[in-house]
Amino acid sequence: MTVRTRFAPSPTGFLHIGGARTALFSWAYAKKHQGKFVLRVEDTDVERSTPEAVQAIMDGMAWLGLSHDEGPFHQMQRMGIYQKHLETLLASGHAYYCYSSKEELGALRAQQVEAGMKPKYDGKWRPEVGKVLPEVPADIKPVIRFNNPKEGAVAWDDLVKGRIEIANTEMDDVIIARGEGTPTYNFCVVVDDWEMGITHVIRGDDHVNNTPRQINMLNALGATVPHYAHLSMILGSDGQKLSKRHGAVSVMQYHEDGYLPEAILNYLGRLGWSHGDDEVFDIKQFCEWFDLDHITPSAAQFNTEKLNWLNAHYIKNADLDALAPDITKRMAALGVAVRAEPPIKTVLELYRERANNLNQLAADIAYFYIVPETNAKDAEKHLTDEIKPVMAVMAETLKNTTWTAEAIHEVIAATVKENVLKFPKIAMPLRVMLAGIAQSPSIDQVMAILGKETVLNRMAHYLK
RNA sequence: GUCCCCAUCGUCUAGAGGCCUAGGACACCUGGUUUUCAUCCAGGCGACAGGGGUUCGACUCCCCUUGGGGACACCA
């Protein structure tokens, strides 16, 4: 049997980090088994669904490279299909019309909560043998409820959590179609997972409680019950539910914040899933290794430090041809125009070893293209009046120096020797004059890349 | 409140009854490399929530407690 998985977001916002991991796992499981990955947009909540959100989710998936094999299917365009199955259920007695008003239901719930009970439909309109139903009110458009079995229990072997069993008495007669006729989530999921031939439903564990009623509906429809794998949630770094106050929750926000999709994918893949001691693996390796057996059933806290570490790794190993335009864009956002000289790829080669964030990297190399601001503290500490004359002499020497890192190094070494100084005494003021700060890679290399003219100009600015 | 799920270093995790003196990674600390910072390298700190069972033997199995989380909509 071909494995078929799906990702079924509701378009009410961006693709968040938890959704991205669910998508990743579903996608990877399909890839691993040469199956199909279906994208389905659950947009039956007309009030909250927006086309912008659909686009935002598609953008997030595209950025991560989680391409679907089928879809996207939109539930609002599949009304005819749901209608057909709704009628089947009505005809077989597995569903019935309920004329209780929203107000009536609300009052009932309030009463039950007050009494410390689990809020539940009272079954007023549920047809039962020998029961006389109330008179149908003329002014109410009825909803359709699923006639959930009253006895026994539903059990399934969850591929992540193991066997789960829930008594039917715990389950309500869930509303499967609204008063105005549109079917609701729980019914559409059931029909779609069946019609689309989904073999493995991989989703967040906030759906565990929906699973038994969905299985009941599947059974009522005479459908095949898929395998279920419920993924635990991703918590914020403080152990609380992930929300805006934890910073980036939208996947695309991570893009803006300077992360590589490779890093996000690796991080998310390792969050709640493991392959022995392996920590760093690319997406191809992940697809080969991925399985449902090694998913942790417990919730995981998001840890930005580890993400940063992975981001650094992928920046170091990134293809320079791909990195260069990305960084160029980020520099443009900082108001820095990258020129042909010095070549940005050369600069990146020198700098990416020390970066764990693309925005930071862009900011760090800005001084190759613009005159940097001087860090006053660094200048005060390193660019002293005692050293300035020495630097001035060296600047003269540099004018006639062949412009290679080696030759520049010799000049610095000679200056150090002549003045009986330590190397940093010369290197640090150079950094301040050229980069604006006291930290940079090997100063001779920086100078070589910066170019003779720029170096002499910047030195002259401080030494006049 | 009711039901469901979860529980190993600060964090992510390895662990399928003896391979456990509990392993790896991030973070942190120390040292080394470096021309500063970063990188890199070496070392260190650091956990089986508690209590009962079962067993010759329990991090692993069972029960209870505690603690976390989730679900209880004409949302998905």
Side-chain angles (χ1 to χ4, degrees), chain A residues 8-12 42-45 47-49 75 98 100-102 105-106 109 112-120 141-145 158 160-162 164-167 169-172 174-186 188-189 204-212 230 232-233 235 237 239-241 267 270-280 293-294 296-310 312 316 351-356 364 378 382 409 412-413 416 422-428 430-432 437-444:
Chain A
S10 56
T12 55
E42 312 221 316
D43 54 358
T44 55
D45 184 352
E47 301 279 304
R48 299 198 302 153
S49 300
Q75 291 187 322
C98 166
S100 296
S101 67
K102 284 184 192 180
L105 261 13
R109 190 174 309 115
Q112 288 166 328
V113 171
E114 179 100 1
M117 287 157 55
K118 182 171 181 164
K120 231 181 147 195
K141 284 185 181 166
V143 299
I144 299 174
R145 285 182 185 272
D158 195 275
V160 171
K161 295 180 184 287
I164 299 178
E165 189 171 320
I166 297 177
T169 50
E170 287 303 318
M171 282 173 255
D172 225 341
V174 65
I175 292 171
I176 56 178
R178 300 179 178 86
E180 91 280 7
T182 55
T184 60
Y185 165 76
N186 268 297
C188 297
V189 170
D205 77 356
D206 46 335
H207 288 291
V208 165
N209 293 272
N210 287 324
T211 305
H230 287 98
S232 287
M233 346 190 21
L235 272 21
S237 47
Q240 298 299 113
K241 193 171 180 172
Y267 180 73
R270 186 64 182 66
L271 192 62
W273 174 84
S274 60
H275 184 267
D277 287 341
D278 295 305
E279 296 286 348
V280 180
D293 300 335
H294 292 84
T296 325
S298 54
Q301 286 187 33
F302 194 88
N303 183 248
T304 308
E305 270 84 39
K306 192 158 182 178
L307 207 214
N308 288 342
W309 171 71
L310 282 167
K316 273 175 212 155
Y351 257 86
R352 62 162 163 181
E353 284 286 314
R354 48 211 297 124
N356 67 5
D364 286 350
D378 285 346
H382 301 290
H409 186 267
I412 298 174
V416 164
K422 299 268 190 207
F423 205 108
K425 280 283 175 209
I426 300 297
M428 297 309 259
L430 276 172
R431 289 195 169 95
V432 173
I437 55 170
Q439 288 82 42
S440 85
S442 186
I443 193 63
D444 43 22

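Throughout, a chain's letter reflects where its sequence line sits, starting with A, and its residues are numbered from 1.
Across all strands shown, B:A7 pairs with B:U66; the Watson-Crick or G-U wobble distances both stay below 3.5 Å. With a 3.5 Å ceiling on both atom-pair distances, B:A22 lacks any Watson-Crick or G-U wobble partner.
A:Arg178 places a side-chain N or O within donor-acceptor distance of the main-chain N or O of A:Pro183, the cut-off being under 3.5 Å.
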side-chain contact (heavy atoms from CB on, under 4.5 Å) assessment of A:Lys161 paired with A:Ser232: CA-CA 9 Å; A:Lys161 295 180 184 287; A:Ser232 287; 3.3 Å; yes

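Between A:Thr44 and the phosphate of B:A76, there is a side-chain N or O to OP1/OP2 separation shorter than 4.0 Å. The side chain of A:Thr12 places no N or O atom within less than 4.0 Å of a non-bridging phosphate oxygen (OP1 or OP2) of B:A76. For A:Arg145, no side-chain nitrogen or oxygen approaches OP1 or OP2 of B:A73 to under 4.0 Å. Residue A:Ser274 places at least one side-chain N or O closer than 4.0 Å to OP1 or OP2 of B:A14.
Counting atom types as modelled, A:Asn210 pairs no side-chain N or O with a base atom of B:A71 as donor and acceptor under 3.5 Å. Between the side chain of A:Asp206 and the base of B:G70, no donor-acceptor pair under 3.5 Å is found. A donor and an acceptor atom sit less than 3.5 Å apart, one in the side chain of A:Arg431 and one in the base of B:U35.
One atom, CZ of A:Arg352, and another, C1' of B:C40, lie 15 Å apart when rounded to the nearest Å.
A salt bridge between A:Glu279 and A:Arg270 is present, with a side-chain N of the basic residue lying under 4.0 Å from a carboxylate O of the acidic one.
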